[in-house]
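Numbered from 1 within each chain, the chains take letters A, B, ... in sequence-line order. Quick note: numbers below take in every heavy atom, side chains included, and nothing from hydrogens, waters or symmetry partners.
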Amino acid sequence: MAKKSTGSIRAQRLTVDIIVHTILIIMAVIWLIPFVYIAAQSFRGGVNLGMFSSTFFPKVWTFDNYIKLFTDTTSLDFFGMFKNTFIIACCTCCISTFVVLAVSYCMSRLKWKMRKPYMNMSMVIGLFPGFMSMVAIYYLLKTMGLTEGPMIPVALIVCYTSGCGMGFHVMKGYMDTIPKALDEAAYLDGATKWQTFIRITLPLCKPMIVYQIITSFMGPWCDFVMAKLIVGAEAKYYTVAIGLWRMLEKEFVGNWFTRFCSGSVLIAIPISILYIITQRFYQEAMSGSVKG
Amino acid sequence: MSNQLTKADVARKKQKNPDSLLSALQNGGPVVWLSCLIMGLGNIAAGQIVKGIIFLAIEIVFFAFMFMQGGGISNLSMLPSLGDRPMQEVWNDEEGIYEYVMGDQSLLILLFGVATVFAIGLFIVLWRASVRSGYKALCIKKAGKKPWSFIKDIKELFDSNIHKFLMLVPFGGILVFTIVPLVYMICMAFTDYSTINDKLILFDWVGLDNFKQLFQSGGAIAGQFWDVLGWTLVWAFFATFLNFFLGTFVALIINRPTTHFKGLWRTIFSLTIAIPQFVSLLLINSMFRENGIVNSLFQQWGWIDTALPFLTKTNWARTFVIVVNLWVGIPYTIMQVTGILQNIPSDLYEAARIDGANAVQQFMNITLPYMIFVLTPYIISSFTGNINNFNVIYLLTGGGPNPELQSAGKTDLLVTWLFKLTMNEQKYNLGAVIGILTFVILAVVSLVTYRSSGSYKDEEGFK
């Protein structure tokens, strides 16, 4: 009797297991379809290189799209865009990482008069839709003379970094978990606050700093709205996002869709890898700052 | 809060003189009063020469800016009218052609006006600081001690005043590139800056007319506004709660002890987050078009005769964006919920098992209450995030399908409509009004919920 019931429980569990795994497999397939499609299309050859093909997998497989992406630079120079974005992303990530660290340190470790007002201010500003002030930022940059020629990358860097003083919440939350006793010990040894910041707090924030560096590095690769507004028609200063966007516009899409796919694959691979690394550091960070 | 001040802080606080502006003006002598006119005089008199000269230089620069040609004063004087000289054609006799003479540009007048107001505000802050600092230095000198030298000031910028040093750049960036543009756009909501009546170069203040236009019953814009607002709320509701419940369900079944390949499933689902949205969503848009791959495959397989109107019929498009948003949003929920599930103390389950609770009872009485408790802020922020979810709508449908003669499409949210109004139609004033109203909606939602949640009241409770 008892044996029978454990047997039926086991059978029941097996059915549930089968159902669960079937659901997961179906969902995984649905989740992967767009990515398989884009990867497959990036190898499509033949006469029609436009958006619409009648088969999911290409009839003619070729590597041409990837080669042409880098060799055919007359109208859209993918390598140039890649270079632009890379430079912008590097500067953005250096500046914004430092700014976020500095602000989080002030919010988490120091007590000063404007601390709470600053936090409330950043919350209120965060409630306005960001696109509202976009036009105004553009005119502001224009009057500063940053929207023409070689100053365009500078304008983009300014755009991506100027608001990062408000993105301190995750880092501050992490710093809050570092015991205050460490700071006090440093003060007793005669350290200044700057020394405490550099020598004590920063090294303890390492996993979170990596997380911050990678997330701010990824920003410029994904932004297409602000970049499109600022860069306008100057193809020389396109970032990858605008370039890929352009490839889907009417004048290009007929010949460039497959190249859009290959460009997307080339961008998506490094970004996904970076993302997976971030997640590892994020989880490490979430498990606490000082162990043992 | 006070128990967190270090001893050094407390000692410094005791040293501090009562040096508010009021007491400086009451107790300070003629030098302090004079330093209200000539900034830095108090510091110079007390021996802090470099600091005094810096204050004086700030004053000189400020007044030079205010009084120069086209400087602060002229900016402010133009602000009420926003300029009234139109562009003129002038006959040039020598060359025998008409020449264009630039008139006023309201846009720049408003921008410079707002910037000047902020410059004046900044100057007042500095002025107050200079008077107080001069008074403080004089008091120290009177007590027979030597006030801080300039080098000491610099050193303290890395120690007790480090927040001033560290916050300077971040706050400056926010002030110039976030607050000033925001105030500028808020001002825009009270003007008639739009393509209507050709007001793109010269425009005027119109008070609350734009708001009236939006709330007027029967008006063309008003109808669209209520339509868009209704859809925005419906969208935010479905997008948030469907994502939350389905995502929680998937996270739970992945987390079951007998589910295999947990890491694999999580990686597959996190791909959606890792790949830039403009790539994946634009691609999905192309797959679901009338002659896209989905329709053509369905037709080849004989499932349908005519293409399905995923993007062209209102209800189809609305369902389509909600469903695709599941594809985008479920992975985020899985990520959040997985972390929380692993944090639920396991002794709760052990106790429940000993008491004879089955799986369903354990879920209803332990897992669910715990998750709701921890995830309430996440649900709120994802609700407000969905109200502002620009990417999904803009990239998937572009707000379409568009009814004739209307600027708002049937899937447009307030944000995407705002974007269209400013970028495509150049009705900046209406865009600004919509931005303000979006702010009001979000503020109400978050005030009601955040304020009553424990984490706001007791920010440092867990320490």
Just verifying a value: how many Å separate [X] [atom1] and [Y] [atom2], rounded to the nearest 0.5 Å?
X: A/Met171; Y: A/Leu101; atom1: CE; atom2: CG; result: 4.0 Å
X: B/Thr272; Y: B/Ile330; atom1: OG1; atom2: CD1; result: 9.5 Å
X: A/Phe197; Y: A/Met175; atom1: CZ; atom2: CE; result: 5.5 Å
X: B/Asn285; Y: B/Ser280; atom1: CG; atom2: OG; result: 11.5 Å
X: A/Cys222; Y: A/Ile271; atom1: SG; atom2: CD1; result: 4.5 Å
X: B/Phe288; Y: B/Leu283; atom1: CZ; atom2: CG; result: 10.0 Å

Quick one: of [options], who has the most non-hydrogen atom pairs under 4.5 Å with chain A?
options: B/Gln277, B/Lys164, B/Met423; value: B/Met423
options: B/Val250, B/Ile441, B/Ile273, B/Asn295; value: B/Ile273
options: B/Leu271, B/Val415, B/Ile387; value: B/Leu271
options: B/Gln299, B/Met188, B/Lys155, B/Gln300; value: B/Gln300
options: B/Thr422, B/Leu418, B/Ile284, B/Leu175; value: B/Leu418
options: B/Val279, B/Ile174, B/Thr178, B/Leu157; value: B/Ile174

[X], part contacting chain B, at a heavy-atom distance under 4.5 Å:
X: A/Ile25; value: both
X: A/Val225; value: side chain
X: A/Met144; value: side chain
X: A/Met114; value: neither
X: A/Met218; value: neither
X: A/Leu229; value: side chain
X: A/Leu274; value: neither
X: A/Thr196; value: neither
X: A/Phe224; value: side chain
X: A/Leu248; value: side chain
X: A/Val100; value: neither
X: A/Leu140; value: both
X: A/Leu24; value: both

[X] portion near chain A, given a 4.5 angstrom heavy-atom threshold:
X: B/Leu297; answer: side chain
X: B/Leu182; answer: both
X: B/Asn388; answer: side chain
X: B/Leu414; answer: neither
X: B/Asn391; answer: side chain
X: B/Leu111; answer: side chain
X: B/Ile436; answer: both
X: B/Leu108; answer: side chain
X: B/Thr258; answer: both
X: B/Val440; answer: neither
X: B/Leu395; answer: side chain

Report the C-alpha separation of B/Phe439 and A/Met132 in whole Å, then their side-chain angles, then the decisive distance to 0.1 Å, and conclude whether the side chain to side chain contact (heavy atoms under 4.5 Å, CB included) test is met.
CA-CA 10 Å; B/Phe439 167 76; A/Met132 196 174 144; over 6 Å; no
Choice from [options] maximising heavy atom contacts with chain B below 4.5 Å:
options: A/Phe128, A/Tyr37, A/Tyr275; value: A/Phe128
options: A/Gly163, A/Ala268, A/Ala241, A/Gly165; value: A/Ala241
options: A/Ser96, A/Cys106, A/Pro129; value: A/Pro129
options: A/Cys159, A/Ala102, A/Ala28, A/Pro34; value: A/Pro34
options: A/Trp221, A/Tyr118, A/Tyr105; value: A/Tyr118

Ignoring hydrogens and geometry, is there a side-chain-to-backbone donor-acceptor pair from [X] to [Y] under 3.5 Å?
X: B/Thr259; Y: B/Asn255; value: no
X: A/Thr192; Y: A/Gln195; value: yes
X: B/Lys262; Y: B/Arg256; value: yes
X: A/Asp223; Y: A/Ala227; value: yes
X: A/Gln41; Y: A/Val36; value: no
X: A/His21; Y: B/His260; value: yes

Where do B/Trp327 and A/Phe35 land on the ring-ring contact (aromatic ring centres under 6.0 Å, His included) test, with the steps shown first?
CA-CA 12 Å; B/Trp327 185 86; A/Phe35 302 125; 5.7 Å; yes
Please find the pair of heavy atoms, one from [X] and one from [Y], that lie closest to each other, and give the distance.
X: A/Thr278; Y: A/Ile214; result: OG1-CG2, 3.8 Å
X: B/Met185; Y: A/Ser133; result: CG-CA, 3.7 Å
X: B/Ile162; Y: B/Phe158; result: CD1-O, 3.8 Å

Using 4.0 Å as the upper bound for N to carboxylate O, is an ion pair formed by A/Arg13 and A/Asp17?
no
Verdict with supporting geometry, B/Phe269 and A/Trp31, ring-ring contact (aromatic ring centres under 6.0 Å, His included)
CA-CA 7 Å; B/Phe269 288 120; A/Trp31 252 254; 5.2 Å; yes
Angle between ring planes, B/Trp265 versus B/Phe261, binned at 30° and 60°: parallel, tilted or perpendicular?
perpendicular
